[in-house]
There are 2 protein chains.
Amino acid sequence: MAHDDVHPVSLNCGDCPIRHRAVCARCDADEIDELENIKYYRSFEAGQTVIWAGDKMDFVASIVSGIATLTQTLEDGRTQMVGLLLPSDFVGRPGRSAAAYNVTATTNILMCCFRKKPFEEMMERTPHIAQRLLQMTLDELDAAREWMLLLGRKTAREKIASLLSIIARRDASIKPLAGSNRVTFDLPLTREAMADYLGLTLETVSRQISALKRDGVIVLEGKRHVTVPDIDRLLMEAGDDSDGGFLI
Amino acid sequence: MAHDDVHPVSLNCGDCPIRHRAVCARCDADEIDELENIKYYRSFEAGQTVIWAGDKMDFVASIVSGIATLTQTLEDGRTQMVGLLLPSDFVGRPGRSAAAYNVTATTNILMCCFRKKPFEEMMERTPHIAQRLLQMTLDELDAAREWMLLLGRKTAREKIASLLSIIARRDASIKPLAGSNRVTFDLPLTREAMADYLGLTLETVSRQISALKRDGVIVLEGKRHVTVPDIDRLLMEAGDDSDGGFLI
DNA sequence: CGAACAATTGAACACAGTCAAATACTGTGG
DNA sequence: CCACAGTATTTGACTGTGTTCAATTGTTCG
């Protein structure tokens, strides 16, 4: 079923879109050369599973393009997303042989992979990699804690508004049309994936999106394309502190 | 109000109870000497706030003894615990000047502190510290993700059983009376703190603890001392995978 | 002993979940 | 290009878990 690598890809690190944000961000020219030699690319189509929790995982990787998710499940099927992987995010844990979570491509993705052994050896010798990985892991931990507040204490409406804010923020940082407080973007997640992210059912997600639409907080064209006429209004709905760090 | 340092403490790193588990775990004798020179101790009484979110934080620290919590709040007072700090856990983030969370002592605690600047400088030169900190941060991230599953998808009863399992596991690793599947421990948290941990109200916590007691899953002596006659039963109630990693 | 705090218990309610049906998309083959 | 199948999404009616508000009981410590 899984036939990845349909279109084998090659890319020079110099031209890589995530060169300055990924785990290699701090590496100098020599170090990049070394990484260049051990890297390889893999691509997955939307919906494909990259790896199952518990499976042997002999590589680590950076997301080059597309979106993937980390999910955890209880035996009875209840599913919780525990990570949303965007371009430049890191997959896998040095020093661990099995995957701890399911990794799934929600859009077509391209990953820059390193076999675990050589990568670990290089990490030992290369503080720049370990330093960057520490920084990224601390950022992820902060994001996870923000997420815990959402899961534990926010209402369904606030959860939806928070998720839309996060996506809007990310898109704003890519195409910063500053000045205006109007934002437009595509939802990269299905209703079900949103539900798994937010600890809700997909019906509740659908209802709350409809409610935000009815109340004029968002405008929908089709099911996936969202326009936020007033981003401050959305941030209020998300229930965070005043500015929510949106402008930082 | 806050009068810490009532009993200034001094301790040799050689005698330190967290020497092999804290951020200094991998340091060699020379490195420990250097840390010894810049460390200082602070103690806080149960209930005291160590630092408020947003306050300037010019130190990082290890918890030597006692228990502290990290919490986040929404403006309207809703509170979510996002970290439970046990002995050897690390407080603060290198490269960040303000505290991101409220840190509160739930029992009397002793912290081994380092001023941020010297610590960061030493970290630059000392891979052993950065390596250990990365490892600890990755562990915390895993714990946070486990917690997200709990917050997003578990029932109130499962949440309580999970929390009791976590505390039981920790105590078991300290005094491992293997063979028996009977465990006894004291709850280090109030009902309110448990509620903030689990994303519940304190009334629901109280009701579910009463229910677990009524059903014979736990036995209470007083409000804080818990006996679990059959740890496997408790783990079943927690809803995790079969063994829940309890024996690993 | 009494005050302050912590925990339990009860009753009514509300928010989100469940089950079910209808509707809107998407891509495929005729 | 359209019809159709399969999937995603919306909407409705009802239910149930956990919350809220309130009163009571238990514990700790001046």
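These numbers come from a predicted model, not from an experiment. Sequence lines set the chain letters: A, B, ... in the order given, protein chains first and strands last, and positions in each chain run from 1.
Side-chain N or O atoms of Thr79(B) include one that pairs as donor or acceptor with a backbone N or O of Gly77(B) at under 3.5 Å. In this structure, Asn102(A) contributes its side chain and Ala53(A) its backbone to a donor-acceptor pair below 3.5 Å. Using modelled atom types, one side-chain atom of Thr107(A) and one backbone atom of Ile67(A) make a donor-acceptor pair closer than 3.5 Å.
Axis angle, first five pairs versus last five pairs of the helix from dC1(C)-dG30(D) to dG30(C)-dC1(D): 30°, rounded to 10°.
Annotation: proximity of residues 217-226 of chain A to DNA chain D (heavy atom, distance under 4.0 Å) is found for Lys223(A), Arg224(A), numbered in ascending order.
Shown here are the side chain to side chain donor-acceptor pair (under 3.5 Å) partners of Asp139(A), two or more places apart in sequence or in another chain: Arg93(B). With sequence neighbours left out, the ring-ring contact (aromatic ring centres under 6.0 Å, His included) criterion links Phe90(A) to Phe119(A). Residues that satisfy the side chain to side chain contact (heavy atoms under 4.5 Å, CB included) test with Asp89(A), not counting sequence neighbours, are Leu85(A), Leu86(A). Taking Ala22(B) as the reference, Ile18(B), Cys24(B), Ser62(B), Ser88(B) meet the side chain to side chain contact (heavy atoms under 4.5 Å, CB included) condition, with sequence neighbours excluded. For Phe59(A), there are no ring-ring contact (aromatic ring centres under 6.0 Å, His included) partners two or more places apart in sequence or in a different chain.
Residues in residues 209-237 of chain B take part in no ring pair (Phe, Tyr, Trp, His ring centres under 6.0 Å) pair, two or more places apart or across chains. Sorted by first and then second residue, the side chain to side chain donor-acceptor pair (under 3.5 Å) pairs with a member in residues 148-160 of chain B read Arg78(A)-Glu158(B), Asp196(A)-Arg153(B), Lys154(B)-Ser162(B), Lys154(B)-Asp240(B), Thr155(B)-Glu158(B), Arg157(B)-Asp215(B), Arg157(B)-Glu237(B); sequence neighbours excluded.
One atom, CG of Leu202(A), and another, P of dC19(C), lie 13 Å apart when rounded to the nearest Å.
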Return a table of donor-acceptor pairs under 3.5 angstrom between the side chains of residues 197-207 of chain A and protein atoms on other chains or two or more places apart.
from      : atom 1 : to        : atom 2 : distance (Å)
Thr201(A) : OG1    : Thr204(A) : N      : 3.3
Thr201(A) : OG1    : Thr204(A) : OG1    : 3.0

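Looking at heavy-atom distances under 4.0 Å, Thr190(B) makes contact with sugar-phosphate atoms alone, never a base. Here Ser206(B) lies in heavy-atom contact (under 4.0 Å) with a base.
First and last contacting nucleotides of DNA chain D toward chain B (any atom under 4.0 angstrom from a heavy atom, 5' to 3' order): dG18(D) to dC21(D).
Looking at Trp147(A) and Leu151(B), their side chains never come closer than 4.5 Å, going by heavy atoms from C-beta outward.
Note that CG of Asp142(B) and CD of Gln72(A) are 8.5 Å apart. Values are rounded to the nearest 0.5 Å.
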Let me have a per-nucleotide readout for nucleotides 12-18 of chain C, 5' to 3', with B, S or -, counting only protein heavy atoms under 4.0 Å. ----SSB
